[in-house]
Amino acid sequence: MATTQLETNTKIHPYKMLLWVGFGSIVMMFAGLTSAYIVKKSQANWLEFDLPNLFWFSTLVILVSSFTIQMAVKKAKAGEMAQYRGFLSVTAILGLTFIILQIRGFQALELNNVALTGARSNSAGSFLLVIAGLHLLHLVGGVIAIAVISLKALAAKSSTNQVLSVELAASYWHFVDILWIYLFVFLNWVG
Amino acid sequence: MSHEAALHNHEGHGHDDHGHHEHHDTFLTKYVFSQDHKMIAKQFLITGMVWAVLGGLMSVLFRLQLGYPDASFPWLESILGKWAKGGQITPEAYYALVTTHGTVLVFFVLTAGLSGTFANFLIPLQIGARDMASPFLNMLSYWFFFIASIVMLSSLFVETGPFSGGWTAYPPLSALHDASPGSKTGMDLWIIAMALFVVSSLLGGLNYITTILNMRTKGMSMTRLPLSIWALFFTAVLGVLSFPVLLSGLILLIFDRNFGTSFYLSDIYVNGVGALSNEGGSAILFQHLFWFLGHPEVYIILLPAMGMVSEIMSVNSRKPIFGYMAMLGSLFAIAILAFLVWAHHMFVTGLNPLLGSVFVLLTLLIAVPSAIKVFNWLTTLWRGNIRFTPAMLFAIGFVSLFISGGLTGIWLGNAALDIYLHDSYFVVAHFHIVMGVASMFGMFAGVYHWFPKMYGRYLNNSLGYIHFWITMAGAYLIFWPMHYQGLAGMPRRYFDFSIWESFKQFAELNRFISTVAMIVFATQILFLINFFYSIFKGRKVTVLNPWESNTLEWTTPINPGHGNWPGEIPEVHRWPYDYGKDGHEFIPQTTPVGEDESGTH
């Protein structure tokens with residue numbers, strides 16, 4: 001309308017906004033799954049079991065990795081290439097560790113006679129597999145992004161062209177971290 | 001068309017397409033892997049049209065069965081082979097046809113074909129941006145849709161046929177390979193196609209939202225956006241928030257189908273298989289997840305049509321849209337309510353009656369913003385200097401259908417009535433009018449209105465009028481009688497009604513509906529001829545602003561290149577609806593506010 005005040009373009013980079021809107025859709029996906037979990041749990045035939053300790057370790061790992069990627073962003077901005085590469089690589093390794101721990105966690109459940117799939121499975125275990133598994137897929141995407149950025153960082157002389165990429169990767173990484181914390185709390189105590 | 005003589009227009013520079021981002025394109029980068037939002041829009045439109053023809057053809061085939069259940073058409077066997085043995089469509093083929101018709105029309109035509117086309121085309125042009133926030137993701141969005149299309153299409157050709165359990169894909173028909181022939185490979189392909197489709201729609205939606213929030217030209221505040229953009233914005237928000245939930249539901253379905261889990265399946269007894277080994281699954285859970293998308297999906301389909309109709313009505317009434325803020329507020333209200341009413345599709349699932357009554361209340365609340373919109377469209381028309389272009393006729397037709405179909409929504413939203421009317425032809429009539437045909441009308445209105453901007457040529461008006469009047473009359477002739485059939489208890493999804501004494505009275509009516517459906521389908525071919533002929537041979541557009549419209553897309557060259565504006569992006573000084581203000585016929589958004597101009601509209 002003719003009388004409303006003018007707006008200039010907002011400061012946030014379009015890619016960052018794309019990413020943030022994307023978080024909204026990922027959140028809805030897990031909101032759908034955890035809601036289904038609650039509905040299913042309230043019905044008959046629900047197997048109660050404790051999460052293996054491995055999931056505690058993986059939670060610790062992903063928390064630390066959020067710290068390391070934030071350091072990578074800081075070093076990229078400061079232009080300290082060696083440390084920037086270092087923190088990126090550590091984050092990628094921590095990401096891989098998380099992946100391994102999660103898979104070991106699933107295996108530990110199977111060994112405990114909590115079938116996740118197949119004829120003997122109970123949907124309590126299946127839900128854990130689907131929810132944590134889909135989270136893991138999202139994290140794999142993050143690891144791939146970090147790996148690509150790391151390769152570019154190895155080739156690049158300065159980090160000025162990489163600040164946006166590493167910031168985007170870091171936002172995504174924190175998001176996947178927070179998502180896991182939510183899921184961990186949910187699977188342990190709420191669900 | 002007398003109104004293309006532009007008062008305040010410059011002569012168009014037809015071949016001046018040196019936008020800022022103009023590259024030397026090869027055929028492949030210009031027409032196939034294009035990152036230009038306008039080309040992607042056309043790709044969505046034409047793919048959507050292919051699907052509309054296929055989906056429409058399917059409806060003609062199953063209407064043939066419903067209208068002539070005893071007749072035999074040998075030519076059918078030569079087309080469909082074993083699906084029409086002896087010239088009559090088999091029950092399996094019939095269910096496959098209605099299922100695919102529903103899936104294709106809802107998702108591939110009225111979601112991708114409608115908002116994919118017009119969000120891509122209109123958003124950058126009307127907000128004053130050179131392209132989307134991420135042209136690359138935008139291109140991916142189309143190609144995911146394309147691959148989804150190929151997968152869905154291929155399901156028509158597998159030996160056991162496409163999925164045949166209804167477009168809602170309820171378990172156990174969708175979860176169990178042995179439930180029906182279509183539940184085997186056909187269902188696998190259906191899920192893959194739908195998963196790819198969700199990805200396409202998310203990539204598109206993220207882009208639309210970000211572009212609208214972040215890439216508007218100078219002076220284009222949110223309340224100066226055309227209502228078409230607002231509608232596409234809310235559409236994208238609905239899609240981004242509800243499609244992931246469908247994906248969750250489909251992932252659980254994949255696990256039940258392939259990995260023996262028990263999300264939806266329980267120890268039911270299946271003929272020929274025996275009792276399943278699954279325990280404790282709930283088929284209703286899928287319905288919740290499905291309709292949490294399914295209901296917003298109705299508005300994903302409807303809102304773009306509403307937005308474009310608002311825009312087209314204002315332009316062709318030569319009047320400001322009545323109640324801009326109310327239009328915006330009602331779009332917002334509809335978007336919120338869209339998420340809170342899904343269980344009204346599930347009144348007969350044994351839903352807690354108290355919960356049911358909450359959903360009744362929330363559902364009926366949608367009547368409020370809907371009525372506001374209808375009121376505002378009618379008051380926009382009121383005493384307007386109306387130009388009955390084909391686009392305007394389709395816009396008015398949209399309002400007519402929206403009223404007719406909306407009124408029966410009030411019936412169905414009441415649980416007490418819905419328990420009787422559920423799964424009857426009354427429901428078929430309701431949603432086809434209010435969502436299906438109404439949105440098709442919005443899409444037609446959009447195509448007729450923006451075709452000159454898309455291709456630099458006009459569609460043929462006479463063919464447009466014939467197309468409109470037959471389609472308009474046909475829509476009512478097809479779906480109006482279905483209300484009576486539904487009230488008489490005629491259930492949907494039945495293969496043959498002639499074996500029930502109570503439905504024999506409708507034999508002639510069914511034949512009538514089928515005949516009209518075929519005539520209406522044939523009329524759409526007229527539109528296709530008009531469309532493709534006009535792309536190459538239509539009358540050329542010679543002025544920048546043929547409809548004398550205020551919005552920014554008409555400030556671009558007649559055939560805009562990638563980047564849209566050859567020079568600077570124009571600055572915006574006013575809202576888009578200054579028609580008939582201070583004695584001016586129309587004042588484009590780029591015109592600065594004059595010193596003695598009245599402030600209000």
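Reminder, nothing fancy here: chain letters follow the sequence lines and each chain counts from 1.
When all heavy atoms of A/A36 and B/L289 are compared, the pair lying nearest together is CB-CD1, 4.3 Å. Here the closest non-hydrogen pair linking B/T261 and A/S121 is CA-OG, 3.8 Å. Counting all heavy atoms, side chain and backbone alike, A/Y15 lies closest to B/S134 at CE1-CB, 4.1 Å. Of all the heavy atoms in B/F259 and A/T117, the pair that sits closest is O-CB, 3.3 Å. In this structure, B/L213 and A/M17 approach most closely via the heavy-atom pair CB-SD, 3.6 Å.
Proximity to chain A (any heavy atom under 4.5 Å) is shown, for B/L203, by neither the backbone nor the side chain. Contacts of B/L246 with chain A are absent, with no heavy-atom separation under 4.5 Å from either backbone or side chain. With a 4.5 angstrom heavy-atom cutoff, A/L134 touches chain B only via side-chain atoms. Of the two parts of B/L202, only the side chain, counted from C-beta on, holds a non-hydrogen atom closer than 4.5 Å to a non-hydrogen atom of chain A. Looking at A/L129, the atoms closer than 4.5 Å to chain B (heavy atoms on both sides) all sit in the side chain, from C-beta outward.
Contacts of A/S150 classified as side-chain contact (heavy atoms from CB on, under 4.5 Å), with partners at least two apart in sequence or in another chain: A/L88, A/I146.
Of residues 20-30 of chain A, those residues lying under 4.5 Å from chain B by any heavy-atom pair are A/V21, A/G22, A/G24, A/S25, A/M28, A/M29.
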